[in-house]
Number of protein chains: 2
Amino acid sequence: MKIGELAKIAKCTVETIRYYEKVGLLAASSRDNINNYRHYNKSHLERLTFVRHCRALAMSHEEILVLLQARNQPEQKCDSINQLIDDHLQHVSVRIKELQNLEAQLLTLRQQCQTPTSSEHCGILQDLELAIDDSGNNTKLSHVTGSH
Amino acid sequence: MKIGELAKIAKCTVETIRYYEKVGLLAASSRDNINNYRHYNKSHLERLTFVRHCRALAMSHEEILVLLQARNQPEQKCDSINQLIDDHLQHVSVRIKELQNLEAQLLTLRQQCQTPTSSEHCGILQDLELAIDDSGNNTKLSHVTGSH
DNA sequence: TAAACACCCTGAAGCGGCTTCAGGGTCAAG
DNA sequence: CTTGACCCTGAAGCCGCTTCAGGGTGTTTA
């Protein structure tokens, strides 16, 4: 099948597929001799599905490469896979907690201005001027990212 | 004060300050005639604190610019500020829900392999091969991002 | 048969919010 | 006069794509 068809089945864009090939998440496909179009088969689809599935779980390319490698070495033990998923779960739950903190702070902030007034006296702006004392808590958000 | 001192007080790096100046979150400071070093005063510090505070709340530069503008027009009504915070809160809570979904899926996945075996029979890898049927739910993560 | 349109190709640049690097200049202390 | 802490600039790198510029191919329709 051609790239457009693969993209449709895998529910991603043609560009994403070409990108995955470039960065090695997908093996380079065979090419049509005449027009140089890429041609894919079932195993490409399976691998792409695997990758997309991992991405839907917010795994990084690095993490996915580890899983792909494990997939290619069926005789090995799968402890490392479990470890990877556990670590990833850890990332996600840390991120959730951070965002919940953020949400609480934002709610507090929002309550500083219940009755809209002039910016000059807006409690929100006033609050943002002052540093909240989270001394040492150098609020860096961790690495499970999102896209728009 | 010089940039290093400002960075220390504002708890960010020197590079971040220079970057903020470049993208317009911070006004360009005055410079020392002799050595071209940047020189900051209290109002720079206040503005930087404001910006860092907004960033700690995961606001985008675009959002922060809106707030900075409001800060500079004290006579205007602050409805737009409230709206911005409300919208931002909305982003954050959407993101939290997405991540909680993710967490649930990862937990389910993790349970496919309670007793480590060979990769060949690892339930996790097997599950990742199959597309979870979230038909149409084209799991894109929304835009409140995090860093490492 | 030609034009229109859908699909394919490549390489480079853009996104956000920084961080890092390369390659320098400045300044105070010993 | 050298060491080391600080300052400067501009460009590139990070991630996971998306978008753009500029073109070729292949099928359908007027």
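Reminder, nothing fancy here: chain letters follow the sequence lines and each chain counts from 1.
Taking only side-chain atoms of A/Val14, from C-beta outward, the nucleotide of C/dC8, D/dC17, C/dG17 with the closest atom is C/dC8.
For B/Asn35, a side-chain nitrogen or oxygen approaches OP1 or OP2 of C/dC27 to under 4.0 Å. For the OP1/OP2 pair of D/dT18 and a distance below 4.0 Å, the side-chain nitrogens and oxygens of A/Thr13 include at least one atom meeting the criterion. For A/Arg31, no side-chain nitrogen or oxygen approaches OP1 or OP2 of D/dT25 to under 4.0 Å. Listed pair A/His61 / D/dC17 meets the phosphate criterion, a side-chain N or O lying under 4.0 Å from OP1 or OP2. Taking 4.0 angstrom as the limit, A/Arg18 places a side-chain polar atom (N or O) nearer than this to OP1 or OP2 of C/dC9. Contact check, B/Thr16 against C/dG17: no side-chain N or O comes under 4.0 Å of OP1 or OP2. For the pair B/Arg38 and C/dT26, the criterion of a side-chain N or O lying under 4.0 Å from OP1 or OP2 is not met.
To the nearest angstrom, P of D/dC6 lies 13 Å from CD1 of B/Ile3. Spacing between atom CD of B/Glu5 and atom P of D/dA5 amounts to 18 Å, rounded to whole angstrom units. When rounded to the nearest whole Å, the span between CG of A/Asn36 and P of D/dG23 equals 18 Å. Atoms CD (A/Glu62) and P (D/dC14) sit 12 Å apart, rounded to a whole Å. Summarising the geometry, the separation between OH on A/Tyr19 and P on C/dG11 is reported as 16 Å, rounded to the nearest angstrom. When rounded to the nearest whole Å, the span between CD1 of B/Ile17 and C1' of D/dC8 equals 14 Å. In this structure, the OH atom of A/Tyr20 is 9 Å from the P atom of D/dG16, given to the nearest Å. Taking atom CG of residue B/Leu6 and atom P of nucleotide D/dC8, one finds them 11 Å apart after rounding to whole Å.
For B/Asn33, the CG atom is loosely surrounded, since the number of other residues' heavy atoms within 6.0 Å does not exceed 12.
Nearest-nucleotide mapping onto DNA chain C: of B/Asp32 and B/Glu15, the residue sitting toward the 5' end is B/Glu15.
For the atom pair A/Arg52 CZ and A/Leu45 CG, the distance stands at 12.5 Å (nearest 0.5 Å).
Taking the side chain as every heavy atom from C-beta outward, A/His39 and A/His44 never approach each other to under 4.5 Å.
One finds no salt bridge joining B/Glu5 and B/Lys2 here, because no Lys/Arg side-chain nitrogen approaches an Asp/Glu carboxylate oxygen to under 4.0 Å.
The aromatic rings of B/His61 and B/Tyr19 sit tilted, their planes meeting at an angle between 30° and 60°.
Side-chain atoms of A/Tyr37 come within donor-acceptor range of the base of D/dG24, with a qualifying N/O pair under 3.5 Å.
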